[in-house]
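Shown next, in structure tokens, is the structure this report addresses.
Residue numbers start from 1 in every chain, and the chains themselves are labelled A, B, ... in the order their sequence lines are given, proteins ahead of strands.
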Amino acid sequence: MNIFNELRASIHRVVHSVFPNVDEALLSRITVEPPRDASHGDMATNAAMILSKAVGKPPRTVAEALLDGFKKLPIITKVEIAGPGFINLTLKPEAFKSVLAHALQTGPEKFGDGTIGRGHKVNVEYVSANPTGPLTVGHARGAIFGDAVANLMAKAGYAVQKEYYTNDAGKQVEVLTDSVILRIREAAGENIGEIPQGCYPGEYLKDVAKAYLEKHKTWDDRKTVRDFAIEYLMNEIKIDLGELGVRHDIFISEAAILASGAVEKAMQQLTSLGLIYEGVLEAPKGKTPEDWEPREQTLFKSTDFGDDVDRPMKKSDGSTTYFANDIAHYYHMHKMGFDTLINVVGADHGGYVKRAKAAVKAITQGRATLDLPLVSIVTVTDNGQPVKMSKRAGTFITLRDMLDRVGAGVMRFIMLTREAGQTLEFDYAKVTEQSKDNPYFYVQYAHARCCSVLKHAREMFGDISDASLAKTDLSPLERPEEMALIKLISTWPRVVEQAALAEEPHRVAYFTQDVAAAFHGWWNRGRDDATLRFLIEGNKPLSMARIALVRGVALTIASSLNVIGVKPLDELRSDVEMEAA
RNA sequence: GAUCCCGUAGCUCAACUGGAUAGAGCAUCUGCCUUCUAAGCAGAGGGUUGCAGGUUCAAGUCCUGCCGGGAUCGCCA
């Protein structure tokens, strides 16, 4: 139930009846949104300004013409023309209250569910870290972001698949194999001296070696070592992700893609489209690599699709480049029925975006689109001081370190309080502080307060199940604080839609804070003004209506936390770990 | 040299993909609160949105050119 969309449809109907000649394209530019300034009413539409040119009249005149039609809409009580030609609409309070009733009926799981996705299949690929070591906090941010985007799109009505693409082929796993063999020899008593340059120095590989020796006697077969190491490390990765609450639907292996001949098929497809040729690339200008020499190689004509230079498909040793393999992978996903592909990558992949998008466009002949949201780095501090890196892992702070320190809930929430493209400072002291300055705590506190009120309410009035609250008469709710909350709650379905379209889960985190802030504000008013308390003895109708609203706040917070992947807490006590999950 | 990301209050960040007077929190200042709804409350000041042009009814948002920070630049993914 999304009153914004409903009202938008009504307004489009009115516009169409007044100006029958207006075409669909123009109509689609007409928006209905809540104005920033609440004194401008509940909703504002730009219809008159959009239509002005096509109709050939100034905006305010167009607005006049639309006025009567808007006034006749049943949920509208007031229509005003304002500013350059905005039409401000005031809605009946019942319109918003019906959303609250609907929320109580549907519950936290379903409230806010949208239909814009129309069951369209979307593949979201994220994390996809190489199985060469433990996940870092950087991976954690990508994992959390990707997971939230996937949840968000699923809630907006898309059929979402969460994918982990395992880069288990290529040079890095060979380096891994060398490094593990070294550690195995070390574990077997050999003196290996310093870890040579180019090998992974991390001590976690000692564990791999030890586990290997428990199962195998020799290590002269590289494939056995490699397969063992990959499986071992992938398993570790899955354990970490599991504790973070991230569970992928599907793991696709690069080695399997290669073995299946998918790369050859993709190459054939591109060749038949006339997009593969043998040629020589120019050296990059400015900074020429020292060992640069012109070389003829197999190139993909990505410049036809918006890229800056054509890209090589084969390495000098004849094997395919990672880019060629990725194209095969994307093509594979497309053939599995996904024509919206989202691939969450680190900000260091910025230079990769154009060519990847070009490739998908080319090989699917425009039938599929690829989005590559870039996730920036995380700097970890404790009280402003840089946090030491884990020795075990080598040079990174691991996801595990952070998980042990603050828990999954804090990580998931805090990492979504910043736009993905912005670097994020994550301060251990700040994010675990129990004060209103910590957004995680602030939101959980609001939810816990709601639960506390509901507990008292149950003692006072008995049955306050969602089913019975959904039938409660909400007409006693008329204070500004109450209406503000009701209106805020009713925007949740719209937030889901907008955030999903923009692929920006941070908006959900902000929304959650807005709801919490409004609720805390209402609560605080009750300290000074006893008539604003939730449970008023001797006034059951008002109390019940307020209980319904409190429950509505709680389930809206729960619903939005659900998208973020955070478990809402029913109570906070200082002697209890904030992280209950 | 090229490409991409970023630049908003003293600080950390928002701003509903072009809407009205650019908003929160922290910090600062001024009041209030000895309560049972602990982890405070209410209010105030604070801005040429890096700079300069352009597009239009309307620009933090789109285009062009600069300035500054970061990332990347054939055989790592």
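Side chain of T381(A) to main chain of N383(A): no donor-acceptor pair is present (N/O by atom type, distance under 3.5 Å, no hydrogens or angles). Judged by distance alone, with hydrogens and angles left aside, the side-chain atoms of S452(A) form no donor-acceptor pair with the main-chain N or O of A448(A) at under 3.5 Å. When atom types are taken as modelled, the side chain of T417(A) and the backbone of I414(A) share a donor-acceptor pair closer than 3.5 angstrom.
Among the atoms of the strands shown, base atoms are found under 4.0 Å from some heavy atom of P34(A). As judged by a 4.0 angstrom heavy-atom cut-off over every strand, P59(A) is placed among residues making no nucleic acid contact. Using a 4.0 Å heavy-atom cutoff across all strands shown, E425(A) reaches no nucleic acid atom at all. Residue contacts shown for E293(A) include a base, since a base heavy atom lies under 4.0 Å away. Within the 4.0 angstrom heavy-atom criterion, only backbone atoms of the sugar-phosphate kind lie near R418(A); the bases stay farther away. At the heavy-atom level, E419(A) lies under 4.0 Å from the strands shown only through sugar-phosphate atoms. In this structure, Y352(A) reaches neither bases nor backbone, as no heavy-atom distance under 4.0 Å exists between it and the strands shown. Counting non-hydrogen atoms under 4.0 angstrom, H456(A) reaches nothing in the nucleic acid. Using a 4.0 Å heavy-atom cutoff across all strands shown, G421(A) reaches sugar-phosphate atoms only and no base atom. The residue T423(A) sits close only to the backbone: its heavy atoms come under 4.0 Å of sugar-phosphate atoms, none of a base. Using a 4.0 Å heavy-atom cutoff across all strands shown, K314(A) reaches no nucleic acid atom at all.
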Distances under 3.5 Å between nitrogen or oxygen atoms of protein and nucleotides 17-23 of chain B:
{"residue": "A20(B)", "atom": "OP1", "partner": "R36(A)", "partner atom": "NH2", "Å": "2.8"}
{"residue": "A20(B)", "atom": "OP2", "partner": "R36(A)", "partner atom": "NE", "Å": "3.1"}
{"residue": "A20(B)", "atom": "OP2", "partner": "R36(A)", "partner atom": "NH2", "Å": "2.6"}
{"residue": "A20(B)", "atom": "N6", "partner": "N88(A)", "partner atom": "OD1", "Å": "2.5"}
{"residue": "A20(B)", "atom": "N1", "partner": "N88(A)", "partner atom": "OD1", "Å": "3.1"}
{"residue": "A20(B)", "atom": "N1", "partner": "N88(A)", "partner atom": "ND2", "Å": "3.1"}

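H506(A) places its NE2 atom 18 Å from the P atom of G25(B), with the value rounded to the nearest Å. Per the geometry, CZ belonging to R355(A) stands 13 Å off P belonging to U72(B), to the nearest Å. Atoms CG (L372(A)) and C1' (A71(B)) sit 15 Å apart, rounded to a whole Å. Taking atom CZ of residue F323(A) and atom C1' of nucleotide A77(B), one finds them 13 Å apart after rounding to whole Å. Going from atom CZ of F441(A) over to atom P of A38(B) covers 11 Å, rounded to whole Å. Counting to the nearest Å, the P atom of A42(B) and the CD atom of E481(A) are 11 Å from each other. Separating the CG atom of D529(A) from the P atom of A42(B) is a distance of 14 Å, rounded to the nearest angstrom. The distance from atom CZ of F413(A) to atom P of C13(B) is 16 Å, rounded to the nearest whole Å.
Residues E497(A) and N5(A) have side chains that bring a donor and an acceptor to within less than 3.5 angstrom of each other. Between the side chains of T61(A) and E64(A), no donor-acceptor pair is found at a separation under 3.5 Å. No side-chain donor from either of N130(A) and T132(A) sits under 3.5 Å from a side-chain acceptor of the other.
Proximity of K354(A) to the phosphate of C4(B): a side-chain N or O atom is located under 4.0 Å from OP1 or OP2. Phosphate proximity of C41(B) to K436(A): present, with a side-chain N or O under 4.0 Å from OP1 or OP2. A close approach under 4.0 Å does not occur between any side-chain nitrogen or oxygen of R449(A) and OP1 or OP2 of A38(B). Contact annotation: K53(A) side-chain N/O to C57(B) OP1/OP2 distance is under 4.0 Å. Side-chain N/O atoms of N524(A) include one lying less than 4.0 angstrom from OP1 or OP2 on C41(B). For G7(B), the OP1/OP2 oxygens have a side-chain nitrogen or oxygen of Q422(A) closer than 4.0 Å. Remark: Q513(A) is not in phosphate contact with A14(B), judged by side-chain N or O atoms under 4.0 Å from OP1 or OP2. Between H139(A) and A77(B) there is no side-chain polar atom (N or O) within less than 4.0 angstrom of OP1 or OP2.
Using atom P as the reference point in both C57(B) and A44(B), the two lie 37 Å apart (nearest Å). Nucleotides C5(B) and C41(B), compared at atom C1', are 41 Å apart to the nearest Å. Between the P atoms of G65(B) and G1(B), the separation comes to 15 Å (whole Å). For A59(B) and G19(B), the C1' atoms lie 10 Å apart once the distance is rounded to whole Å. Annotation: A22(B) and U8(B) have their C1' atoms spaced 8 Å apart (nearest Å). C75(B) and C6(B): their P atoms are spaced 26 Å apart (whole Å). Comparing the C1' positions of A71(B) and A39(B) gives a spacing of 41 Å, expressed to the nearest Å. Comparing the same atom, C1', in G68(B) and in G7(B) gives a spacing of 8 Å after rounding to whole Å.
For a distance-only test at 3.5 Å, the side chain of R295(A) qualifies as a donor-acceptor partner of the base of C75(B). Within 3.5 Å, no donor on the side chain of Y510(A) pairs with an acceptor on the base of A24(B), nor the reverse. With hydrogens and angles left out, the side chain of H349(A) and the base of A77(B) share a donor-acceptor pair within 3.5 Å.
Taking a pair as Watson-Crick or G-U wobble with both distances under 3.5 Å, RNA chain B forms stems of 3 or more consecutive pairs at B:1-5 with B:69-73, B:10-13 with B:23-26, B:28-32 with B:40-44, B:50-54 with B:62-66.
L89(A) has its side chain within reach of L7(A): a pair of non-hydrogen atoms, C-beta onward, lies under 4.5 Å apart. Residues F323(A) and P312(A) fail the side-chain proximity criterion, which asks for heavy atoms closer than 4.5 Å. A 4.5 Å side-chain heavy-atom check between N325(A) and I257(A) finds every atom pair outside the cut-off.
Relative orientation of the F441(A) and Y445(A) rings is parallel, given thresholds of 30° and 60° on the angle between their planes.
Heavy-atom nearest nucleotides on RNA chain B were determined for T417(A) and for N167(A), and the one closer to the 5' end corresponds to T417(A).
By the 6.0 Å contact criterion, NZ on K57(A) is open, its count of non-hydrogen atoms from other residues, nucleotides or ligands being 12 or less.
Expressed to the nearest 0.5 Å, how far CG of N46(A) lies from CZ of F86(A) amounts to 7.0 Å.
Residue Y165(A) is tested with H248(A), H332(A), H329(A) for a ring pair (Phe, Tyr, Trp, His ring centres under 6.0 Å); the sole match is H329(A).
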